[in-house]
Amino acid sequence: MAVLQEAFPARKRRPSLGAFVSPNFSDQKLLRSLFILSQEISSLQPLRILLKKTSASIIRKSRLISILFEELLRNTVNVLPSSAALCFEELYIVLQRIKVLLEDCSSCSKMWLLTQIPSISSSFDQLMVELSTILDILPLKELNLIEDVEELANLIKKQCSEKAADCVDRNDENLRSEVLKMLDNIKREIVPDHSKLLEIFERLNLSDSTSCSNEIENLEDEVQNQNDDKSKADVVALIGLVRYAKCVLYGASTPRITTRRQKSAGEVNVPADFRCPISLDLMRDPVVVSTGQTYDRSSITMWIESGHATCPKTGQPLAHTQLIPNLALKNLIAMWCRDQKIPFESTEVNVKPNGVVLNKTALEAIKMTVSFLVNKLTASQTTEVVDRLVHELRILAKTDSDSRTCIAEAGALPLLVKFLGSEHPTLQINAVTTILNLSILEANKTRIMETDGVLNGVIEVLRSGATWEAKGNAAATIFSLTGVHAYRKRLGKKTRVVKALLDLARAGPTNSKRDAMMAILNLAGDREAVGKLIEGGVVDMIGDVIDTLVEEAVAILEVVVKRGGLVAISAADHGNMIKKLTTVLRDGSDRAKESAAATLVNICRKGGSEMVAELAAITGIERVVWEIMGTGTGRARRKAATLLRILRRWAAGLIGEHFNTQSSATVNMTSTRIVLPA
């Protein structure tokens, strides 16, 4: 007689197994557990806005049930008749489900709860039927109850068997119909009536900007709770309605005091399965090649276009170059990013991180919201009001690609330009962060680069922003723009961009340093930009920050050395730099060790015997290299093997000022001797 799971709305926070399986308790423990559980339910508050009558009725019945079991415990029933024990076990399951459903309804989104009134009411009704059935077959006579307790049991049975239709509040259903009608009107591009919108939101107790913001967060959680795309899209439409109402009814919200935007992937420990085997970065668009291995689309595409016909990880020939999206992994990465509060955006415009394709209702709600905000910005407003409006655009630009498209197409970029130079610190932060969020969309990168004044405005914030946060977000915008090869070359030619990034990497707080260094790393992908970076002192900057931002510093150094930066290292304190790289080899992360090994190989190859001598003089270097050969990533092991070969050739006197290890001696991995070519 256990309650079926299907009888309840699909939720992410599923009940424990104990809610569906009979408990394995002794008779006395079962009675005590039922007493405690019924007390917990009776202590809950009835739902205040929706399902008030239903929840109050169930809580009232649970209070009577708790009294019943209190009396049973007082009568010290040690051994229950088997039929009674079976009924009580089933009762325990039903009460567990009642408790979960009540708690779920009290904590979820009001809008979602409203749209689910029929199914949730049906769930409560079904639970009451189950409860009534259990009490009907409960063998009261076999329990030898005293008269008062038996009368109480009969009263509970009678109340549970009463028709529950009168517990359904018709006002709830009417309100639900009004919301559904409003959503349908939005779908048909009919702007909601202001007074009707206000009435609905006040009835739901969404009476200010803060309550609407909390409702949006609850709805965003609800998206992940749904099991199919249609249900997810319906919830996204509700988010659009609430966001529109929040702006229109209560004005843009006051920016919350914050010292930082969302984290970047570089600030957390990314699971190995979520990193691309080529770039070791978090995969944004994982795809599967013919060998079954998964890579980030941009990395494997670059690999194939550069002429490679093998799988980077296995070395097997690629039967074909078709790339198959790994949607399961992509959804897992998106969920992880959401839990870690890391921005995640697919490189495919029409695919959302949570797998939702927006329906027309949601899209029209976004357009209406954006239109309202942009129109308000064009009117004369106080600085405080403008700050709130831009903050609202910032939040909206963070949500999805459709919002970013709508904001850009509505002409927001030219309006944001004038706020980049604002003396109001939070307004400047909100303006540059909105542009950063917009830049995630590929099409918007072009708009930012081509719209008059936007790029220059971002660069000026990078150079002389009012706060470190503004400078850091400007650097993150440059990083985003340099994802396009042509823009990377264009930005790399600008001395003021390079200088500002290096200055921020040297002097900024850790998060801003990281933003600057990620942009520098992207710029270093262009040989001409490397020259400007070297002129600006990138090697000295790396020496200053390598102890705190290890992965980023070593990655930049690897690219700089590879593209001709050895002279700068030689001119600097190269012995100290080599020692720091060795420390990274010993103590760094897998990714840092890989970059450090590759950098040392290039330094030794291009720097000749002097550089190798510096490395060989470091105590225990061969042991460190051997450890990487045994435990490092595939690339790290290969670089470590090359490094060991270099050290041994130097020890044998076979290395002059310059050399090439590509066709030279190989290391016998089971011996310390050098195997020379015949």
Side-chain angles (χ1 to χ4, degrees), residues 1-11 13-44 54-55 57-105 120-164 167:
M1 197 189 302
V3 182
L4 298 175
Q5 294 193 44
E6 290 74 12
F8 293 84
R11 305 287 295 147
R13 185 174 66 84
R14 300 298 293 170
S16 65
L17 188 62
F20 301 102
V21 178
S22 298
N24 187 20
F25 294 154
S26 66
D27 289 349
Q28 195 67 20
K29 187 176 180 181
L30 178 59
L31 291 174
R32 181 164 295 280
S33 297
L34 282 164
F35 170 63
I36 293 172
L37 182 56
S38 56
Q39 270 200 326
E40 288 174 350
I41 296 172
S42 61
S43 67
L44 296 175
T54 301
S55 60
S57 174
I58 290 175
I59 290 171
R60 188 169 57 251
K61 292 180 177 68
S62 298
R63 192 170 293 120
L64 292 175
I65 292 173
S66 71
I67 297 172
L68 171 64
F69 283 102
E70 184 179 16
E71 292 298 328
L72 288 174
L73 286 169
R74 195 172 291 160
N75 290 340
T76 61
V77 179
N78 294 320
V79 179
L80 292 172
S82 58
S83 57
L86 198 59
C87 286
F88 286 155
E89 288 174 357
E90 292 294 331
L91 180 60
Y92 182 86
I93 294 173
V94 173
L95 290 178
Q96 281 276 23
R97 294 299 284 148
I98 288 173
K99 181 186 174 188
V100 168
L101 190 55
L102 283 170
E103 290 177 340
D104 214 10
C105 289
I120 294 177
S121 295
S122 175
S123 297
F124 278 122
D125 287 347
Q126 183 172 339
L127 282 169
M128 286 300 98
V129 170
E130 293 286 347
L131 190 57
S132 175
T133 303
I134 292 170
L135 294 174
D136 278 343
I137 63 175
L138 179 65
L140 295 177
K141 298 297 183 185
E142 295 181 23
L143 292 173
N144 298 319
L145 302 175
I146 62 175
E147 186 177 350
D148 288 347
V149 176
E150 187 171 348
E151 286 180 2
L152 176 61
N154 287 323
L155 173 64
I156 297 170
K157 184 190 303 185
K158 180 181 178 183
Q159 288 196 3
C160 289
S161 63
E162 289 175 352
K163 192 68 176 174
C167 289

Is the closest side-chain heavy-atom distance between I120 and D104 below 4.5 Å? no
For the backbone of M128 and the side chain of S132, can you confirm whether one donor and one acceptor N or O come within less than 3.5 Å of each other? no
At their closest point, which heavy atom of D27 faces which heavy atom of A85, and how far apart are they? OD1-CB, 4.3 Å
Quick one: do L64 and L68 satisfy side chain to side chain contact (heavy atoms under 4.5 Å, CB included)? Show the steps, please. CA-CA 6 Å; L64 292 175; L68 171 64; over 6 Å; no
Measuring from Q28:CD to L72:CG, what's the distance to the nearest 0.5 Å? 10.0 Å
Would you compute the distance between atom NZ of K157 and atom CG of L138 and round it to the nearest 0.5 angstrom? 7.0 Å
Could you tell me which non-hydrogen atom of S66 sits nearest to which non-hydrogen atom of F35, and how far apart they are? O-CD1, 3.3 Å
Nearest heavy-atom neighbours spanning I41 and S62: CG2-OG, 3.1 Å
Between CD1 on residue I93 and CG on residue L37, distance to nearest 0.5 Å: 11.5 Å
More than 12 heavy atoms from other groups under 6.0 Å of CZ on R32: no
How about E40 and L44: do any of their side-chain heavy atoms sit closer than 4.5 Å? no
Suppose we screen for salt bridge (Lys or Arg N to Asp or Glu O under 4.0 Å). Which residues come up paired with E142, at least two apart in sequence or across chains? none
Worked check of side chain to side chain contact (heavy atoms under 4.5 Å, CB included) between F69 and I36: CA-CA 9 Å; F69 283 102; I36 293 172; over 6 Å; no
Please round to the nearest 0.5 Å and tell me the distance separating atom CZ of R97 and atom CD of E130. 11.0 Å
Can you find a heavy atom in the side chain of I58 that is under 4.5 Å from one in the side chain of T54? yes
Can you check whether R74 reaches E71 side chain to side chain, under 4.5 Å on heavy atoms? yes
Please examine the side chains of K158 and N154, heavy atoms only from C-beta on, and report whether any two atoms are closer than 4.5 Å. no
Interatomic distance, F124 atom CZ to L102 atom CG [nearest 0.5 angstrom]: 4.5 Å
What is the distance from atom CG of L95 to atom NZ of K61, rounded to the nearest 0.5 Å? 13.0 Å
Minimum heavy-atom distance between P139 and S83, given as atom pair plus value: CG-OG, 3.2 Å
